[in-house]
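Atoms within each ligand, like the ligands themselves, are counted from 1 in listed order. Every value quoted in this text rests on a predicted model; they were computed, and no experiment measured them. These numbers come from the heavy atoms of this one structure, side chains and all, not from hydrogens, waters or symmetry mates.
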Amino acid sequence: MNAKVVLFDELGGPEVLRLEQVRLDEPGEGEVQVRIDAIGLNRAEALFRSGGYYYQPTLPASRIGTEAAGVVEAVGPGVEGFSPGDAVSVLATGIDMSTNGVYGDRVNVAARSLLRRPDSVDAVTGAAVWLSYLTAYGALIEVGRMRPGDEVVITAASSSVGMAAIQLANHIGAVPIAVTRTAAKADRLMRAGAAHVLAMDEDDLVKRVAMLTSGRGARLVFDSVGGPGLAGVARAVTRDGMLIVYGWLDPRPAPLPMNWPLNIFGFGLNVVTDDPAALRRGEAFINAGLRSGVLAPVIDATFDLADIADAHRHMEANGQLGKIVVTVRH
Ligand SMILES: NC(=O)c1ccc[n+]([C@@H]2O[C@H](COP(=O)([O-])OP(=O)(O)OC[C@H]3O[C@@H](n4cnc5c(N)ncnc54)[C@H](OP(=O)(O)O)[C@@H]3O)[C@@H](O)[C@H]2O)c1
C-alpha cells in the first residue's frame, strides 16, 4: 500500500515541506496502521523543520509531526486492545519525528502512542486535544498542584497550550492571568476565559501581577516564552510559588532569574507520558472535561494536507488563538 506523507530534505522555512507518495509496509510488531483524518500542529514541528528543536532531523527525507486522529486500519503482531475500525487519537511523543512523524494520510505508529477516541470526539478535536491539554495538565496539576483560588500567570496565552491552561485553571477554580505580546488579542482572550489579560508591550508585568494578587505575586507562572524576559516573569512568582518553564518561543538566551528563593521547574511532557499512573490520571481528567464540555479545544483554523506549508506559515505568523489543524481527504 502507498501513503502520502510530508517530508523535508533540508532545514528551512515552511517551503521545505513537500508531500510525497511512499510505500507503507504492513504494521510491524507492536504497531498499528492508522488512516489519518486530521493532524494537530504544534510549535515543536516548526522548530524541528527549521533546526531549532532540541534534537536535529535526519536529512534528507525527514518526516515530521506528533499529533493526529483517525481510524485504525490494521494491527501488527502483539498488539492488544485495538482493532480495525477503532477511532483513535495519536500522540507520538518521545520518539524521533524523522522516522515516526505523523503528517500524512496513513501511518504506522506504536500502539502505545494511541489513545481511544470516543464517538462524541470528532477527528479535528481528537487531533487538537492531547499534546496541549496533557502539557497544561501535567505542568499545572501534577507538578504545580494548582488549587482553587491560585493566581496563575500564563504567557503566550493564545498558543494552543496557553488556551488549554486557561480552561484548566477555570475548571479548577484558579484565576488565569493571560499574558500576550500586544493588546490585539485581549478581547478574544477575555472571551476565552482569561480573568485578566496583560499585554507585554503595554503593561509592567510584575507591577500588574502584584496589583492583581494583593501584592502576593502569582502562585504559578507557566511560561513558554523564555528569552531575556524570563527574569521579569520570574519576579511575578510568590515566594512559595513556582515558575514552570516549558518552551523557548523567544530563542534568545534567558538569564537565570535571581529573585531567590525561587522554585523553577523545567517541564517536559515526558513527566506525564513516562509515568503510567500520571498518564492515566491525565487521560481521565481530560476525557471527563471533554465529556462535560468544560474542556474544549479552540480551533483557530483548518488547512488541507496539500496546503501544509501554508499551515506552517500561519502558525509562525503568530496571529492564532488556539490550535491549527490540518484535515486529510481520502
Ligand atoms: N515542554 C513541553 O513538553 C511542551 C509541550 C507542548 C508545547 N511546548 C511548547 O509550548 C509552546 C507553545 O506551543 P504551541 O504549539 O501551543 O504554540 P503556538 O500555538 O504556535 O503558539 C503561538 C503563540 O505563542 C506566542 N508567541 C509566539 N512567538 C512568541 C515570542 N517570540 N515571544 C512571545 N510570545 C510568542 C503568540 O501568542 P500571543 O499572540 O498571545 O503573544 C503566538 O500566538 C512552544 O514553545 C512549545 O515548544 C512544550
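Under the 4.5 Å side-chain criterion, counting only non-hydrogen atoms from C-beta, Leu168 is not in contact with Val152. Contact annotation: the side chain of Phe267 never approaches that of Val245 to less than 4.5 Å [non-hydrogen atoms, C-beta and beyond]. With contacts defined as side-chain heavy-atom distances shorter than 4.5 Å, the pair Leu198/Val209 qualifies. Residues Ile166 and Leu189 are in side-chain contact: their nearest non-hydrogen atoms beyond the backbone lie under 4.5 Å apart. The side-chain heavy atoms of Ile264 and Pro257, taken from C-beta on, include a pair separated by under 4.5 Å.
The ligand atoms of ligand 1 that sit less than 4.0 angstrom from a heavy atom of Gly268 are 1 (N), 3 (O). The ligand atoms of ligand 1 that sit less than 4.0 angstrom from a heavy atom of Thr180 are 38 (P), 39 (O), 40 (O), 41 (O). Atoms of ligand 1 lying under 4.0 Å from any heavy atom of Asn42, numbered from 1 in the order shown and given with element: 15 (O). Interface atoms of ligand 1 facing Leu131, defined by a heavy-atom separation under 4.0 Å, are 5 (C), 6 (C). Contact atoms of ligand 1 toward Ser224: 10 (O), 11 (C), 45 (O) (distance under 4.0 Å to a heavy atom of the residue). For ligand 1, the atoms closer than 4.0 angstrom to any heavy atom of Gly247 are 45 (O). Under a 4.0 Å criterion applied to the non-hydrogen atoms of Ala156, ligand 1 contributes the atoms 24 (O), 25 (C).
With respect to atom 9 (C) of ligand 1, the closest heavy atom belonging to the protein is Tyr246 O, 3.7 Å. Considering only non-hydrogen protein atoms, atom 37 (O) of ligand 1 sits nearest to Ser158 OG, 3.0 Å. What sits closest to atom 35 (C) of ligand 1 on the protein, heavy atoms only, is Arg181 CD, 3.7 Å. Shortest contact from atom 43 (O) of ligand 1 to any protein heavy atom: Lys185 NZ, 2.9 Å. Ranking the protein heavy atoms by distance from atom 27 (C) of ligand 1 puts Asn318 OD1, 3.2 Å first. Regarding atom 21 (O) of ligand 1, its nearest protein heavy-atom neighbour is Ser159 CB, 3.0 Å. Here the protein heavy atom with the shortest distance to atom 16 (O) of ligand 1 is Ser160 OG, 2.7 Å. Nearest protein neighbour of atom 7 (C) of ligand 1, counting heavy atoms only, is Val161 CG2, 3.7 Å.
Between atom 33 (C) of ligand 1 and the options Leu269, Asp201, Val225, the minimum heavy-atom separation is to Val225.
Using bins of under 30°, 30° to 60° and over 60° for the plane-to-plane angle, the ring pair Phe48/Tyr53 lands in the perpendicular bin. Under the 30°/60° scheme for interplanar angles, the aromatic rings of Phe285 and His171 are found to be tilted.
Crowding of Gln56 atom CD: a count of heavy atoms from other residues, nucleotides or ligands under 6.0 Å exceeding 12.
Checking only distances, Thr135 never comes within under 3.5 Å of ligand 1, N or O to N or O. In terms of polar-atom proximity, Phe267 is counted as a contact of ligand 1, with an N or O under 3.5 Å from an N or O of the ligand. For a threshold of 3.5 Å applied to N or O pairs, the pair formed by Leu47 and ligand 1 contains no separation below that value.
Remark: of the listed residues Val71, Asp105, Leu114, Leu114 is the sole one forming a side-chain contact (heavy atoms from CB on, under 4.5 Å) with Val34.
Electrostatic pairing of Arg219 and Glu151 does not count as a salt bridge here, judged by no charged N lying under 4.0 Å from a carboxylate O. The residues Glu31 and Arg112 are annotated as not salt-bridged, no charged nitrogen and carboxylate oxygen being separated by less than 4.0 angstrom. Under 4.0 Å is where a charged nitrogen must lie from a carboxylate oxygen, and between Arg43 and Glu316 no such pair does.
When non-hydrogen atoms are compared, ligand 1 lies under 4.0 Å from the backbone of Arg43 as well as from its side chain. The parts of Leu249 lying near ligand 1 are both backbone and side chain, judged by heavy-atom distances below 4.0 Å. Contact annotation for Ile324 and ligand 1: no heavy atom of the residue comes within less than 4.0 Å of the ligand.
Residue-ligand proximity: Ser132 is placed with every non-hydrogen atom at 4.0 Å or more from ligand 1.
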>> Using the rule given for side-chain hydrogen bond (donor to acceptor under 3.5 Å, both in side chains), can you reason through Lys185 versus Thr180, listing the C-alpha separation, both sets of side-chain angles and the distance that settles it, and then say yes or no?
In response: CA-CA 8 Å; Lys185 298 177 187 169; Thr180 178; 5.5 Å; no
